[in-house]
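Right, one structure below, let's go through it.
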Amino acid sequence: MELADSLRHGTLAFLSNSTSLIYSGTDFLTKPIFLRGFSGSLHLGLLLVLFVSFVWKKLWVGDSEGSNDRLNKNERVLCYKQTLFCCLGVSLFSLVWFLLNYFYWYKNGWSGDELVTLLDLALRTLSWVAVSVYLHNQFFDSANTKFPFLLRVWWGSYFAFSCYCLVVDLVLYGQHVSLQVQYLASDAVSVFAGLFLCFMGFLKIKGEDTLLEELLLNGDSINNSESTKSRGGDTVTPYSNAGLFSILTFSWMGSLIARGNKKTLDLEDVPQLYSGDSVVGAFRVFRSKLESDSAASGFTTFKLVKALFLSAWKEILWTALLAVLYTSATYVGPYLIDAFVQYLNGRGKFKNQGYLLASAFLVGKLVECLSQRHWFFRLQQIGIRIRAVLVAMIYNKGLTLSCQSKQGHTSGEIINFMTVDAERIGNFSWYLHDPWLVIIQVVLALFILYKNLGLATLAALVATVIVMLLNYPLGRLQENFQDKLMKCKDKRMKATSEILRNMRILKLQAWEMKFLSKIEELRKTEAGWLKKFVYSSSIVSFVFWGAPTFVSVATFGSCMLMGIPLESGKILSALATFRILQEPIYNLPDTISMIVQTKVSLDRIASFLRLDDLQSDVVQKFPRGSSDTAIEIVDGNFSWDLSSPNPTLKDINFKVFHGMRVAVCGTVGSGKSSLLSCILGEVPKISGTLRLCGKKAYVAQSPWIQSGKIEENILFGEEMDRERYERILEACSLKKDLEILSFGDQTVIGERGINLSGGQKQRIQIARALYQDADIYLFDDPFSAVDAHTGSHLFKEVLLGLLSSKTVIYVTHQVEFLPSADLILVMKDGRITQAGYYNEILNSGSDFMELVGAHKTALSTLDSKQAGPASGNESISKDNTNGVPEKEENGKADEMAEPKGQIVQEEEREKGRVGFPVYWKYLTTAYGGALVPFILLAHILFQILQIGSNYWMAWATPGSKDVKPVVSGYTLMVVYVAFAVGSAFCILARSTLLVTAGYKTATLLFNKMHLCIFRAPMSFFDSTPSGRILNRASTDQIAVDMRIPYLVGSVAFSMIQLLGIIAVVSQVAWQVFFVFIPVIAACIWYQQYYIPSARELSRLVGVCNAPVIQHFSETISGSATIRSFDQQLRFRETNMKLMDSYSRPKFHNAAAMEWLCFRLDMLSSIIFAFSLLFLISFRKGIDPAIAGLAVTYGLNLNMIQAWMIWSICNMENTFISVERILQYMSIPSEPPLVIEENQPDYSWPSHGEVDIGNLQVRYAPHLPLVLRGLTCTFPGGKKIGIVGRTGSGKSTLIQALFRIVEPAAGQILIDGINISLIGVHDLRSRLSIIPQDPTMFEGTVRSNLDPLEEYTDEQIWEALDKCQLGDEVRKKEKKLDSTVTENGENWSMGQRQLVCLGRVLLKKSKVLVLDEATASVDTATDNLIQQTIRQHFSDCTVITIAHRITSVLDSDMVLLLSQGLIEEYDTPIKLLENNSSSFAQLVAEYSARSKSSFEKL
């Protein structure tokens, strides 16, 4: 109070002193005619100086200076732009003021003062335009770091004179001297503009960092080096240390938006998040809160919510304060409208009350805008942070899940937790304060209504409560639909994920269309719930658009019944209140629906986080060197499924000392891999003790390779030691492979190692394990995927060489590798049946004898075929070409021959604006766009009826109690209710039509995209990580299902509403058009300036989401390997980096949106301010009630305008999802499935003869040939063996046979029919294949053997018995309906291979291909498979690619390929007779290796 009093006394003293000045003989100095005349003279002088300067420069100086230093221009851009805008702003203000005064004085007569003032304003307009042009030229043509001297002198003079004028105005006003308020307003604006320009002009721009950057950004966003400037990714976001003004106006975003306007933004341009928003900082806080709360008792949804709240409580409280401020500011308008109408009616309480009311309206508007913008931005900031910590939490949980838990939740489901549930919980931040804010909004509304309408407010309260109570049943209904929808989506994503992983096998078996129909079936169920959800949403939309009208009808009706007089001012105040109340009422169902969806998502995530982790006490770990014993298991019983009565491993007892080599062997399904898993701590322990001393490394049976460079896969997080690295490459036979690749070890591996052969993947795995320099090495049958020569090389160099001093436990099916072991463990049915040295156990039990016997049988076959011992072993080593990369393993590997040919390219993203064809395609997909005009018509009618009803109420009610009403109360209400009912029906029609069109479009786009994906060639899947496809099937599809129809509607509806407001305001104050046009132009300019950055940021959000999903799905599939190397921490950090890469564009996209909205709000506030000024200045002849109606609508102007621009921008950003889906709808497709005119007979192929003529194959037009002109014939009914070193073209030949890759030249004939002329399904369905990687799908045994449902149970049992799986399946409780988990994880690798054999036994094709089919099985099972094939395919053409020479020795013909050419093709006996033949050398090598192992006995 004391401070206020002292200020007041100081001001009075100043005014009294100033008064004496005025009357001291210098009166003319305070006269308007002098002040305006002097100002005009100054501006005229400036114009002349600028003109002379321009002429001088053109005539004498010329244009020689050009732009000496273009580099500095960028650094000064912000400062100059702001100054330029300020100069143009002063010019625009002068023009508007000129027009305003002209119209006002034109009506009320002229005087000398007025004429001089108009002249001054005209000269101001021209001179400030000239200043802007001068400044623009200086900006482009000069490299100075200062503004021109002339301008700085002018700005100083202008500011000084403006201050003088303002002081004079204030003194005269204080002395109650008659003064036109226009002068005061004009001089106030001039002072502020002058102050800003002086501030800009008199402080030097510091080198490369502009003054305004320092003011707005604290110089952090643009560093001194040009390189850093162009790579925003190296700097922290300017937000982290921006000044107050910069934060308030979002100017810290200016540099990024400016950069986006000059170039297409890339991730490197987007600055890093500061520590509070980065997942690294946020997750640490979240985890500490969660752990402190859930340490005592179990984990619940409530505890998850509590931890999320506590990790961001400061931001949540700050947004709550902003929300209250915003809510209070929104009610300033409705509160003051009655007073404003009374003032217009001539019943103002004091002079200049109109200007005071206008100021109050404007201040309320500005507070509303500022608080809303920061409220929204902070909410999004919280959402991004919450999503990031949840994804990190889900990822970390995925790394520690036990095997049993993982079987209940597949990777597809867990991906949904990340992409859908975490995203939804993040989005809930928008609705965070809505539930309690509704109460404040309703209380404030009732207060204003009570002030205007008295007890009728009770009716408004009852109506509001009824409307809100309607939410409950609708909310429950939507919750139910949403829950069901999410479950269906989970199932679909799970199936899609599995299908994409196994697309190669589906193509080879011609099953892809059947599996597509499965996806479509799942989608049909999902679409059923989606339909119910969107139609219930349309009912909600109908109820709540009609709610304000219902509440107002109830309120005004009660007024009539209670006899409360209705006056136009009070009516308008009530209507404005209802309009504001519409927002919380309208948003309430949305909020309830969002709360429901978020609760579902929180429950799902909490239930996932509650799942059992791996038992931490399975393994007792001891540090390196603390014991002589490396591994010891005492009385160990382990089981994958603890509820099962039969443990997986029973009574395990063995001890391994440091430096020992231990071999584990046994038949298929005996528990060998489970034994290694139990040593790793992966199998739950029932009883016993497991001790492990030292660091461990693991090589899995199925190679797990990360997408990334080969070098990264081998180093696996370790530092590069070049010498050790080279030694390991040599030992793993990888040197030659890398030499062939043009990128060497920098070659990017496709997802799941798709561009590597099985052997290469296995060898990279072994290299990775070796590089870790562990103490204990666990190898799970690593030699099965490599050929005979490479296998023996690996065994010798790795196990006997590099690892000679290490502890090694290796599972193997190859008996020849057993004699080198210090201990052999023989397994059967989960028990160790024999243990000891090779010759110790050879005679002590039957199990080992069976394996060795099978091997000897195979060798005896070899001996009988071999004519004599092969000589010249030296030539074998010099001939070794096993380093040639196996290009044939994939559809794209050869691209690596070209420098630009990495298989996995960066995800393609469109550049520039979303094209009109994308919008057109979306709008016309459903019913050819026929519903669109009806939707627009319904909303236009709704808007007309709404305006009509408000116009009617304003016109028909009297201005005050003394005036007689124009119509009776009954007529008033009947007409109003008629309007209300009409608008309600329009909104119902609009909502229903909108969701119908949206649902139909989403369904059609889904079906078309999936058809195109399933019909895409295999090369597409090889080069496209599944994360990208899954992203479109989940995130983008959800946008099309749920968001885009409403956004498209929102753009159209906001435009219609904006036009309605303009029509109402312009009808009363047409002069507002003079302001409206430039302001709308400025809005459009801002939007155009903003959209390039926002669009690219939005695209980056989409592109950066795929790596998170891909990294996660890779982690899930390789979690055992990651844990075995103790690399969990590194993978968590990688996930956090990827999450931050996703959050960065998302955060800056949110800030860019607020940057735009803040500026649009300010511009719409200018329109509103001028509308009020016009209404006050020209109130003669205006109906006060209609003027009040214009103000009521004007109050909404900024909200509708911002909503429109926000909807347009958001629609364009979200339409990127449609663009991405359409991108996949234009994938080139495979050749036709069936060609009607060229369909082969049902019995084709009847003989099975394959005739290959000059076959040439390449993987892409610009790549070299892989097969370089093969010509040979495989006789029908014969067994053909195909052999060759890695990379010789074996698998490419098979791919050409199945038309996975099309020939570049030549042809393949089967029984005389050219396979290129028939449909691919006709071809593939008549051939059979047992692939290298045995594949099983989630489902049942029956669905795995017979997915097309073509065979009876009897036929299936018969096939199972033939492939020796009948007894195994009969043991299971559900027999043929026994469950198969994702990837067939609950079946051993060998059993899966036997299932693949079962499939071909059912199919009974005349041509059968075995692609290294027995690589994963022991010799005994291999013999069994060979015997089964000999027995059941005796009259078929069997083409075998094999690493085991014994597999092809009994073939009728052997084809030996080398570098894409036929080196040898003859019967095995003839080839073996010639000792110099390559085939004879291969056999000799295998024979020598195998025999040497027996000689050790």
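Quick caveat, the model's predicted, so the values are computed rather than measured.
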To the nearest 0.5 Å, tell me how far [X] [atom1] sits from [Y] [atom2].
X: Ser91; Y: Leu126; atom1: OG; atom2: CG; result: 7.5 Å
X: Leu265; Y: Asn1149; atom1: CG; atom2: CG; result: 10.5 Å
X: Ile257; Y: Ile1091; atom1: CD1; atom2: CD1; result: 10.5 Å
X: His1148; Y: Asp269; atom1: NE2; atom2: CG; result: 11.5 Å
X: Leu44; Y: Ser39; atom1: CG; atom2: OG; result: 11.0 Å
X: Leu47; Y: Leu42; atom1: CG; atom2: CG; result: 11.5 Å

Between [X] and [Y], what is the shortest heavy-atom contact and its length?
X: Leu322; Y: Ser371; answer: O-CB, 3.8 Å
X: Leu95; Y: Thr125; answer: N-OG1, 3.4 Å
X: Tyr1090; Y: Ala1152; answer: CE1-O, 3.2 Å
X: Leu1163; Y: Cys1083; answer: CD1-SG, 3.8 Å
X: Ser1165; Y: Cys369; answer: OG-SG, 4.0 Å
X: Val131; Y: Cys87; answer: CG1-SG, 3.8 Å

Please confirm whether the ring centroid of [X] lies under 6.0 Å from the ring centroid of [Y].
X: Phe377; Y: Tyr239; result: yes
X: Trp1155; Y: Tyr1086; result: yes
X: Tyr158; Y: Trp128; result: yes
X: Tyr1089; Y: Trp1085; result: yes

What class does the angle between the rings of His374 and Phe250 fall in, given that below 30° is parallel, 30 to 60° is tilted and above 60° is perpendicular? parallel
Is there a side-chain contact between [X] and [Y] in this structure, where contact means two heavy atoms from C-beta onward sitting under 4.5 Å apart?
X: Arg124; Y: Val90; answer: no
X: Leu321; Y: Trp375; answer: no
X: Leu50; Y: Leu46; answer: yes
X: Leu256; Y: Ser1093; answer: no

Chi angles and distances behind the side chain to side chain contact (heavy atoms under 4.5 Å, CB included) call for Val332, Glu368: CA-CA 10 Å; Val332 169; Glu368 178 192 327; over 6 Å; no
Pair Arg373-Tyr326, side chain to side chain contact (heavy atoms under 4.5 Å, CB included): steps then yes or no: CA-CA 9 Å; Arg373 296 283 61 89; Tyr326 165 75; over 6 Å; no
Ser162 vs Asp187, test: side chain to side chain contact (heavy atoms under 4.5 Å, CB included). Steps then yes/no. CA-CA 6 Å; Ser162 299; Asp187 291 336; over 6 Å; no
Might you confirm whether atom CZ of Phe161 has over 12 heavy atoms from other residues, nucleotides or ligands at distances under 6.0 Å? yes
Mind running side chain to side chain contact (heavy atoms under 4.5 Å, CB included) on Gln380 and Glu1154 for me, showing each step along the way? CA-CA 10 Å; Gln380 289 177 85; Glu1154 299 311 325; 3.4 Å; yes
